[in-house]
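Here the structure is laid out as structure tokens; the discussion comes afterwards.
First the proteins, then the strands, lettered A, B, ... as listed; each starts at 1.
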Protein chains: 2
Amino acid sequence: MAKAPRTGPYICGIDAALDVVSGKWKGLVLWELHAHGVRRFSELRRALPGVSEKMLAQHLREMEADGIVLRTVYAEVPPKVEYSLTESGAALNEALLPLGAWGRERVRREGLEVAPVPEAPASAAG
Amino acid sequence: MAKAPRTGPYICGIDAALDVVSGKWKGLVLWELHAHGVRRFSELRRALPGVSEKMLAQHLREMEADGIVLRTVYAEVPPKVEYSLTESGAALNEALLPLGAWGRERVRREGLEVAPVPEAPASAAG
DNA sequence: CTGTATCCTTTAGGATACTG
DNA sequence: CAGTATCCTAAAGGATACAG
């Protein structure tokens, strides 16, 4: 979803799904949470080289509102917040696997560049 | 792909795939070509209510450059141009099926609105 | 550590007019 | 019919500073 309440009626399921994953870093956030189960804000920031605090926070809020990410706040000092996938988020990740496979095939076929990601699970993400 | 030559290195397959389907109408174009096999420019325009000529042409050029759409120009007058899916485009469509299913489930679960599409194949697109 | 607030640049998308 | 060209608006994203 965008930040606005609800953009409008969807035309098909693809629309409704792309609306949720559209965002420069959302796919990576999804994958990072899938790979590690639980991540803190600062861990996600380190895992996404180049992301700004604003965008990371904004994306996480939207994904939370879309029901794919769970945000857990611990009443400690210093503050501690953990992010994880909801059941729906995990299902979304599963649904993205074939698309990821197609994308990797595309990268291979067209000889596109791929940035090395620290600690990325090479088996399925590359 | 964006209109710029190449945005930059991809981080994972999802990135590389989303880059190709990101665009307000690309998913629908994909589906329309899948459903009909071959479509002319004006047919696509009618199938995508609200699309501007500029965006449709631009999207089709990008999809052609990305190797998922084939553009066939007939040397006739009046002009005739046909669009269809390449093998890669058809594979992309297949890879999008689980995502579409997830999207429809999301629409159902959250009670989101869906716009009725003329002549859309209800079996898998709704 | 986990964010917000503000300001700014870039890009996507749209309206309209025109052309081979 | 199948587009281009031009101009414009809106939305996404980024830099930086500050706060609980």
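With salt bridges taken as basic N to acidic carboxylate O contacts below 4.0 Å, none links B/Glu43 and B/Arg46.
Put simply, CD on B/Gln58 is 10 Å from P on D/dT4, counting in whole angstrom units. Between the CZ atom of A/Arg45 and the P atom of D/dA15 there is a distance of 13 Å, given to the nearest Å. If you measure from atom CD of A/Glu64 to atom P of C/dT2, you get 15 Å, rounded to the nearest angstrom. Between B/Leu56 atom CG and D/dA2 atom P the separation is 10 Å, expressed in whole Å. If you measure from atom CG of A/Leu48 to atom C1' of D/dG14, you get 15 Å, rounded to the nearest angstrom. Atom C1' of nucleotide C/dG3 and atom CZ of A/Arg46 are separated by 15 Å, given to the nearest angstrom. Put simply, CZ on B/Phe41 is 9 Å from C1' on D/dC1, counting in whole angstrom units. Residue B/Glu82 contributes atom CD, which lies 14 Å from atom P of D/dC1 at whole-angstrom precision.
For A/Ser42, counting side-chain heavy atoms from C-beta on, the closest listed nucleotide (D/dA2, C/dC1, D/dG13) is C/dC1. Ranking C/dG14, C/dG3, D/dG20 by closeness to the A/Pro79 side chain, first place goes to D/dG20. Of all nucleotides listed (C/dG13, D/dG3, D/dG13), D/dG13 comes nearest to the side chain of A/Lys24.
A side chain to side chain contact (heavy atoms under 4.5 Å, CB included) with B/Trp25 is found for exactly one of B/Leu60, B/Val51, B/Leu44, namely B/Val51.
Side-chain N/O atoms of B/Trp25 include one lying less than 4.0 angstrom from OP1 or OP2 on C/dG14. Contact check, A/Arg61 against C/dG3: a side-chain N or O comes under 4.0 Å of OP1 or OP2. Distances shown here put a side-chain N or O of A/His59 below 4.0 Å from the OP1 or OP2 atom of D/dG13. Here B/Tyr83 reaches the OP1 or OP2 of D/dG3: one of its side-chain N or O atoms lies under 4.0 Å away. Between B/Arg40 and D/dA2, a side-chain N or O to OP1/OP2 separation shorter than 4.0 Å is present. Side-chain nitrogen and oxygen atoms of A/Lys54 include none within less than 4.0 Å of the OP1 or OP2 phosphate oxygen of C/dT6.
Looking at heavy-atom distances under 4.0 Å, B/Tyr74 makes no contact with the nucleic acid at all. Residue contacts for A/Arg71: at a heavy-atom cut-off of 4.0 Å it reaches the sugar-phosphate backbone alone, with no base atom in range.
Annotation: A/Glu76, atom CD; neighbour count of heavy atoms from other residues, nucleotides and ligands within 6.0 Å is above 12.
Map A/Gly23 and B/Val81 each onto its nearest nucleotide of DNA chain D; the residue landing nearer the 5' end is B/Val81.
Using a distance-only test at 3.5 Å, with no hydrogens or angles considered, no donor-acceptor pair links the side chain of B/Trp102 to the main chain of A/Asn93.
Minimum interatomic distance between B/Ser88 and A/Arg109 (heavy atoms only, all atoms of both residues): OG-NH2, 3.1 Å.
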